[in-house]
Number of protein chains: 2
Amino acid sequence: MSSRATQKQQSRERILEAAGRHLRTGGIDGAGIAAVMSEAGLTHGAFYAHFSNKDELTRNALVHALEQNRARWLGKPQRESWTQRLGRLARRYLTGAHRQSRADSCALAALCSEAARGDSAFRRTYEEELLKSLSGLCEGPFETQPPQRGDDALAYMALLVGTLALSRAVASPALAERLLKAGADAAARIGHADPEQRANR
Amino acid sequence: MSSRATQKQQSRERILEAAGRHLRTGGIDGAGIAAVMSEAGLTHGAFYAHFSNKDELTRNALVHALEQNRARWLGKPQRESWTQRLGRLARRYLTGAHRQSRADSCALAALCSEAARGDSAFRRTYEEELLKSLSGLCEGPFETQPPQRGDDALAYMALLVGTLALSRAVASPALAERLLKAGADAAARIGHADPEQRANR
DNA sequence: GCTATCGCATGATGATCATCATGTCAAAGA
DNA sequence: TCTTTGACATGATGATCATCATGCGATAGC
């Protein structure tokens, strides 16, 4: 690859990094092309050499951010039961540190309510990333999971995302911490409700 | 009350209604004073006779919206167990209709991720309203609930909010519907995990 | 070495928006 | 009836922002 091409590739990488941080910290609108480019060490004019418009950047930054999120959250495969896995990953996700670190936190949670207002291309991207995260959680393609496990995984993700979002939306740290704890406990229980009870729902 | 005062009161009411709709449909920034005032049948200049700035409007609209939300969601007291109540209210909350009606839907869910980016006055208001909703759910002051019930209520609200938000963020209607169903099932189970299991957590 | 290319910078442009200044007119109070 | 008040309208003002036009300078291919 020519040196110019690698330069451009590196610039693009830095832009996506900066955009990912801004996206999670400031939301979809809170980005600002000039601010992102400046954080990437460039000026606003260079933007259109990399992306055709802001929406395209936003989608790419979302993908980029969630790949990082999944790598850090899911880590390497473990020897554990489904129930253990749900409990362990919930405790790893619902921490005070995750709540407070905005710039590199889970983009699904950081954007959950704003995503609904995005255009359909953005929502398609969001959905794809959610499905990838579900597959990572299940350690296999989400579409091939047995129905009950798929439903568990969906409710589980909704609980994690909702808990983290609420814990940030709230003003008092004490309530935020209690939310995290209550959410993690409930998430750990999603895997093992009494089976006979679940059969005749 | 003088006729002028009632006029003003009615104007204020219409502004709050319009702002509540815009808040839930377009988010905190998506409001736009001119648009809100025009929907209230006034022009933008009249705004500052009612509120000192946009932030104040936003907070008041949030309170107004959530009062309506609670009235419609919780309805009249019922003769039912805690478990039954959680199941019934989850099914009432997590419907396709609620997902699609943006303008008058639950403001807690509509703003859950953006609220984190609001100023501290906004987050205080959000927290107060969340606590009122929790009290309504518990049919008594949230602060006086037994710890386990309080934790259940917190996780339950997080699950409802997260499920509704995700179901809107996603592009495909089928996945959205499945999320609602899985969320409602899981929410109904929050109340009755095996007690001995819960005791030695 | 010469020239074309292209990544990037600088500086418009036009749109949107919150807020303010000023004017108007009807109702309140004397 | 006359004056004052205040709810509302109209029309700036300045800030922010996405997008575009233009120019530069280094690199790549000849």
Side-chain angles (χ1 to χ4, degrees), chain A residues 1-62 111 114 117-119 121-122 125, chain B residues 1-62 111 114 117-119 121-122 125:
Chain A
M1 186 146 59
S2 71
S3 98
R4 250 213 305 227
T6 58
Q7 286 286 350
K8 184 168 183 186
Q9 188 59 35
Q10 287 172 358
S11 288
R12 185 187 159 98
E13 189 74 15
R14 272 180 290 127
I15 295 170
L16 283 175
E17 287 283 334
R21 282 191 295 269
H22 272 94
L23 190 63
R24 289 174 277 193
T25 322
I28 296 184
D29 299 326
I33 289 183
V36 168
M37 293 301 283
S38 144
E39 198 173 309
L42 300 170
T43 62
H44 66 280
F47 176 78
Y48 294 89
H50 292 273
F51 300 96
S52 68
N53 56 43
K54 197 188 172 188
D55 286 351
E56 192 189 322
L57 170 67
T58 307
R59 286 194 300 274
N60 281 279
L62 177 65
L111 300 174
E114 286 154 287
R117 292 186 257 283
D119 57 19
F122 183 84
T125 306
Chain B
M1 185 151 54
S2 71
S3 97
R4 249 211 308 222
T6 58
Q7 286 286 350
K8 183 169 185 186
Q9 188 59 35
Q10 288 171 356
S11 289
R12 185 187 159 97
E13 189 74 15
R14 274 180 290 125
I15 296 170
L16 283 176
E17 287 282 335
R21 282 192 294 270
H22 272 95
L23 190 63
R24 288 173 279 192
T25 320
I28 296 184
D29 300 326
I33 290 183
V36 168
M37 294 301 284
S38 147
E39 199 174 308
L42 301 170
T43 62
H44 66 278
F47 175 78
Y48 294 90
H50 292 272
F51 301 95
S52 68
N53 55 41
K54 197 189 171 189
D55 285 351
E56 192 190 321
L57 170 67
T58 306
R59 286 193 300 272
N60 280 279
L62 178 65
L111 301 174
E114 285 153 286
R117 293 185 256 284
D119 58 18
F122 184 83
T125 306

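Chain naming here is simple, since letters A, B, ... match the order of the sequence lines and numbering starts at 1 in each.
The salt bridge (charged side-chain N to carboxylate O under 4.0 Å, His left out) analysis of residues 43-56 of chain A, with sequence neighbours excluded, yields no pairs. Sorted by first and then second residue, the salt bridge (charged side-chain N to carboxylate O under 4.0 Å, His left out) pairs with a member in residues 25-38 of chain B form an empty list; sequence neighbours excluded. Pairs passing the ring pair (Phe, Tyr, Trp, His ring centres under 6.0 Å) check and including a residue from residues 10-48 of chain B, sequence neighbours excluded, read F47(B)-F51(B).
A heavy atom closer than 4.0 Å to some atom of DNA chain C occurs in G32(B), I33(B), these being the qualifying members of residues 25-36 of chain B. Residues from residues 55-62 of chain A placing a heavy atom under 4.0 Å of any atom in DNA chain D do not occur. The stretch residues 41-49 of chain A comes close to DNA chain D through H44(A), Y48(A), each having a heavy atom under 4.0 Å from the strand.
Under the 3.5 Å distance criterion, the side-chain polar atoms of R24(A) are matched with a main-chain donor or acceptor of G20(A).
The heavy-atom pair separating A40(A) from A18(A) by the smallest distance is N-CB, 4.3 Å. Of all the heavy atoms in T43(A) and M37(A), the pair that sits closest is O-CE, 3.5 Å. A19(B) and V36(B) make their closest contact through N-CG1, 3.8 Å (heavy atoms, listed as atom of the first residue, atom of the second, distance).
Atoms CG and CG, from L111(A) and L23(A) in turn, are 4.5 Å apart once rounded to the nearest 0.5 Å. Within the model, atoms CZ of R12(A) and CG of L42(A) stand 13.5 Å from one another, a figure rounded to the nearest 0.5 Å. If you take CZ on R59(B) and CG on D119(B), they are separated by 6.5 Å, rounding to the nearest 0.5 Å.
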Quick one: what's the B/S/- string for nucleotides 24-29 of chain C, heavy-atom cutoff under 4.0 Å, read 5' to 3'?
--BSS-

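In terms of the side-chain hydrogen bond (donor to acceptor under 3.5 Å, both in side chains) criterion, T25(B) has no residue partners (sequence neighbours excluded). Residues satisfying the salt bridge (Lys or Arg N to Asp or Glu O under 4.0 Å) test with E13(A), not counting sequence neighbours, are none. The side-chain hydrogen bond (donor to acceptor under 3.5 Å, both in side chains) search around R21(A) returns E39(A), not counting sequence neighbours. When the salt bridge (Lys or Arg N to Asp or Glu O under 4.0 Å) test is applied to R117(B), the partners found at least two apart in sequence or on another chain are E114(A).
Contact annotation: S11(A) side-chain N/O to dC8(C) OP1/OP2 distance is under 4.0 Å.
Looking at T58(A), N60(A), L62(A) one by one, the single match for side-chain contact (heavy atoms from CB on, under 4.5 Å) with T125(A) turns out to be L62(A).
With a cutoff of under 4.0 Å to any heavy atom of chain A, the contacted region of DNA chain D is bounded 5' to 3' by dA18(D) to dA28(D).
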